[in-house]
Amino acid sequence: MGVNIRDLITVAKEVELESLCRRSIAIDAMNALYQFLAIIRQRDGTPLIDRRGNITSHLSGLFYRTVNLVEVGIKPVYVFDGPPVPLKQKTIEERERLREEAYRRWKLALQRGDLKEARKYAQAALHLTPEMIDEAKKLLTYMGIPYVDAKHDGEAQAAYMAAKGDVWATASQDYDSLLFGSPRLVRNLTISGRRKLPGRDEYIKIMPEIIELDKVLSSLGIDRRKLIMIGLLVGTDFNEGVKGIGPKTALGIVKKVDDIDDLFKYTRFKESPEIIKEVFKLFESPDVNKEYKLEWKRPNREKIIEFLCDEHDFSRERVEKAISRMEKAYDKFFAVKGLDAWLFG
DNA sequence: CTGTAGTA
DNA sequence: TACTACAGG
């Protein structure tokens, strides 16, 4: 999932969530929803479901996370993937294969009565359905939070918006948006500062971290074109990468080359040079949706309650409380100030 | 993941 | 007030 260049990022800066006040941030929606779906579960591993059996983990995560961001004054924009570019087909097929395998192993573990194994595979077996995505968009609309449909890759769209200055940063757990040219990436955009270490009863403190593209590049002594080449070498969602080459080796290689054609003299990709050049182009100047408008509105209390509580069995008390927090934050941070707004708004 | 009740 | 344990849908 995503380009693995974590080992090269030494300039991540931990910040308090509050320091992002009044900043607009483009959030990779699929990335977020998928994580909610995987993590928000009961002790036996089943996700949250409403009375008709629909999964609601993604809605719970999206709702409460967004309320928390708005409460500290952050202006979120959710960016959804569009149809994948043909080059991504292999990755999608591979994910589908892994999912089906996880599904089989889940059933087998259930037969054995191995709940721990079952839980592990249940997480890997699930996927975001078109219905879940529609519901997420519906909820955001009722909450007054803007979303953008990407032409293809959400990360590419978010990076474009950040590079253009329409949002202050992109947010994702993956590093792809840096390759796409986002000047600023926020990771761990979450409220709960604590995370349980797997297996043990230990907790570590998690804080949001900001990674600035120009600092990454200057710390490595390369430009963005070479960062993309590193991605090509270690592997992306669009190509496999060269076996045996990790981020460190890749850095050494790209420092010796002048351009993408030069790269083929040093190493052999599994894909043809033509394909690799296409993938390079895809990162350098991706096809994006330029027709979007970002507008934060006051949440629609009635619609949210009708949707979450009436349709999906959320607790009315909790939801009402969250909406009130959001309204307060909206008036404090987002509402248009000034005499006109006071008179006519 | 996040909210909330319970405990010190 | 801070921290833990558990439920949420």
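Worth knowing before you read on, the calculation uses all heavy atoms, side chains too, and leaves out hydrogens, waters and symmetry mates. Note on naming: letters A, B, ... go to the chains in the order of the sequence lines (proteins, then strands), and numbering restarts at 1 for each one.
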- Message: Testing the basics here: between A:Ile25 and A:Thr170, what is the closest heavy-atom pair and its distance to 0.1 Å?
- Response: CG2-C, 4.1 Å
- State which of C:dC6, C:dG8, B:dT2 makes the closest approach to the side chain of A:Arg43. C:dC6
- Side-chain ion pair, A:Lys120 and A:Glu117, N-O less than 4.0 Å: yes
- Using heavy atoms and a sub-4.0 Å distance, could you list which residues of residues 305-323 of chain A are near DNA chain B? By number, please. A:Arg318, A:Lys321
- Query: Quick one: A:Arg325 CZ to B:dT2 P, roughly how many Å, whole number?
  - Reply: 11 Å
- Whole angstrom value for the distance that separates C1' of B:dC1 from CG of A:Asn31: 14 Å
- Query: Is the cationic atom of A:Lys137 (NZ for Lys, CZ for Arg) positioned less than 6.0 Å from the six-membered ring centroid of A:Phe80 and within 45 degrees of its normal?
  - Reply: yes
- Query: Mind checking whether A:Thr91 and A:Arg95 have side chains closer than 4.5 Å, heavy atoms only?
  - Reply: yes
- Task: Report the distance from atom CZ of A:Arg112 to atom NZ of A:Lys107, rounding to the nearest 0.5 Å.
- Result: 14.0 Å
- Contact class for A:Arg52 (heavy atom, under 4.0 Å): base, sugar-phosphate, or nothing? nothing
- Whole-Å gap separating P (B:dC1) and CG (A:Leu17): 13 Å
- Item | Candidate nucleotides B:dG3, C:dG9, B:dC1, ranked by approach to the side chain of A:Asn68 - the nearest | B:dG3
- Task: Could you state the atom-to-atom distance from CG of A:Leu48 to P of C:dG9 in whole Å?
- Result: 7 Å
- Item | SB check A:Glu93 A:Arg97 (cutoff 4.0 Å) | no
- Message: Over all strands shown, is A:Gln35 touching base, sugar-phosphate only, or nothing at heavy-atom distances under 4.0 angstrom?
- Response: nothing
- Interatomic distance, A:Leu62 CG vs B:dT2 P [rounded to whole Å]: 11 Å
- Rounded off to whole Å, could you give me the CZ-to-P distance for the A:Phe63 and B:dG3 pair? 9 Å
- Identify which one of A:Tyr175, A:Phe238, A:Tyr160 satisfies the ring pair (Phe, Tyr, Trp, His ring centres under 6.0 Å) criterion when paired with A:Phe283. A:Phe238
- Message: Using OP1 and OP2 only, check whether a side-chain N or O of A:Arg41 sits under 4.0 Å from C:dG9.
- Response: no
- Query: What is the distance, rounded to the nearest whole Å, between atom CD1 of A:Ile39 and atom P of C:dA7?
  - Reply: 19 Å
- Spacing of A:Ile27 atom CD1 relative to B:dC1 atom P, expressed in whole Å: 15 Å
- Item | Distance test, side-chain N/O of A:Ser60 to OP1/OP2 of B:dC1, below 4.0 Å | no
